[in-house]
Every structure is written in C-alpha cells, then in structure tokens.
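Taking it in order: structure first as structure tokens, then the write-up.
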Amino acid sequence: RGQFLFGFKAYNLTSTLMYAQLFDASAAPAANTVPIMSWTMGSVGVASAGIDIDYGIRYFSRGIVIALSSTGGSLSLASVGTMLLDAQYA
C-alpha cells in the first residue's frame, strides 16, 4: 500500500555527524541499501543538527522509511544514535 510524504523535520541528538535517509520500502532496509535521498545532520548543539524538508507531495509505492545512518551514500545503521523525527504523511 502506498503513502504520500508531505515533509518531515529531523534533529540529530548524537555528538557526531549523521545522515537522515529516505527509503521507499515496506520494512527497514538492509545495510548498504542506497536511499532515495540523504541529508547531512551536524552534531547536537550546532545549527546544522536539524533539517526541515518540505516535499510538497511525494508518493511512495511501498511505504515510507526514514532512517538515521552514519554514512551518506548507503545505509549504515548507527551503532549509537538518536534522531527526533516529525513526519507529515497520508
């Protein structure tokens, strides 16, 4: 079943640079999966730690997965990491 993503806000709560990654998937993707999009989030306490993405409307045929990764080009689940997330979808 598909879903529409209108936008999301994310904030990195770790002390290292992390990446918010977006996937069209029905479950959590496997390690090394290439995301549709990836955004850099600086470490906690710096202005770049938060992102605010306004998509307008984007359709995901399988589902919406937003993950926190320690690498930008593919999913590398952070061994330690926390992200605050607020997503607007239907």
Side-chain angles (χ1 to χ4, degrees):
R1 156 187 151 211
Q3 295 178 310
F4 293 93
L5 178 65
F6 302 100
F8 70 93
K9 295 178 183 179
Y11 190 81
N12 179 14
L13 295 176
T14 67
S15 60
T16 59
L17 180 121
M18 299 298 258
Y19 299 85
Q21 295 184 338
L22 188 58
F23 300 88
D24 185 355
S26 59
N32 299 318
T33 301
V34 176
I36 293 171
M37 295 290 295
S38 183
W39 296 271
T40 304
M41 295 192 304
S43 59
V44 68
V46 299
S48 63
I51 58 174
D52 187 355
I53 305 301
D54 181 6
Y55 257 125
I57 300 174
R58 183 168 183 151
Y59 180 70
F60 291 78
S61 60
R62 292 173 281 199
I64 302 166
V65 176
I66 302 172
L68 182 64
S69 177
S70 58
T71 58
S74 64
L75 180 61
S76 179
L77 292 173
S79 59
V80 175
T82 304
M83 171 175 63
L84 292 177
L85 179 66
D86 175 32
Q88 299 80 48
Y89 66 97

Compare every heavy atom of [Y] with every heavy atom of [X], then report the nearest pair and how far apart it is.
X: S74; Y: T71; value: O-OG1, 2.7 Å
X: Q21; Y: G73; value: NE2-N, 4.4 Å
X: I51; Y: A20; value: CD1-CB, 3.7 Å
X: L68; Y: T82; value: CD2-N, 3.6 Å

Within one Ile-Leu-Val-Met-Phe-Trp-Tyr cluster: I64 and M37, side-chain cutoff 4.5 Å: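 In one cluster with I64: M37, yes.
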
Residues which pass side chain to side chain donor-acceptor pair (under 3.5 Å) with N32, listed by chain and number, not counting sequence neighbours: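 Side chain to side chain donor-acceptor pair (under 3.5 Å) list for N32, sorted by chain: empty.
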
Which residues share a side chain to side chain donor-acceptor pair (under 3.5 Å) with Q88, sequence neighbours left out: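 For Q88 the side chain to side chain donor-acceptor pair (under 3.5 Å) partners, ignoring immediate neighbours, are D86.
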
Pairwise side-chain contact, N12 with M83, heavy-atom cut-off 4.5 Å (strictly under):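 Not in contact.
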
Side chain to side chain, F8 and D52, heavy atoms closer than 4.5 Å: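 F8 vs D52: side chains apart.
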
If I take atom [atom1] from residue [X] and atom [atom2] from residue [Y], how far apart are they, to the nearest 0.5 angstrom?
X: L5; Y: I66; atom1: CG; atom2: CD1; value: 6.0 Å
X: R58; Y: I53; atom1: CZ; atom2: CD1; value: 11.5 Å
X: S69; Y: M41; atom1: OG; atom2: CE; value: 10.0 Å
X: Y89; Y: Q3; atom1: OH; atom2: CD; value: 6.5 Å

Quick one: side chain to side chain contact (heavy atoms under 4.5 Å, CB included) partners of [X], sequence neighbours excluded?
X: F4; result: F6, I57, Y59
X: S15; result: none
X: P29; result: F23, T33, V65, L75

Not counting sequence neighbours, list each pair that qualifies as a salt bridge (charged side-chain N to carboxylate O under 4.0 Å, His left out) and has a residue in [range].
range: residues 60-72; result: D24-R62
range: residues 28-39; result: none
range: residues 63-75; result: none

Heavy-atom donor-acceptor pair, D54 side chain to G7 backbone, under 3.5 Å: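 Absent.
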
Hydrophobic cluster of L17, others only, ordered by chain and residue number, side-chain cut-off 4.5 Å: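 Once heavy-atom contacts under 4.5 Å are chained together, L17 belongs with Y19.
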
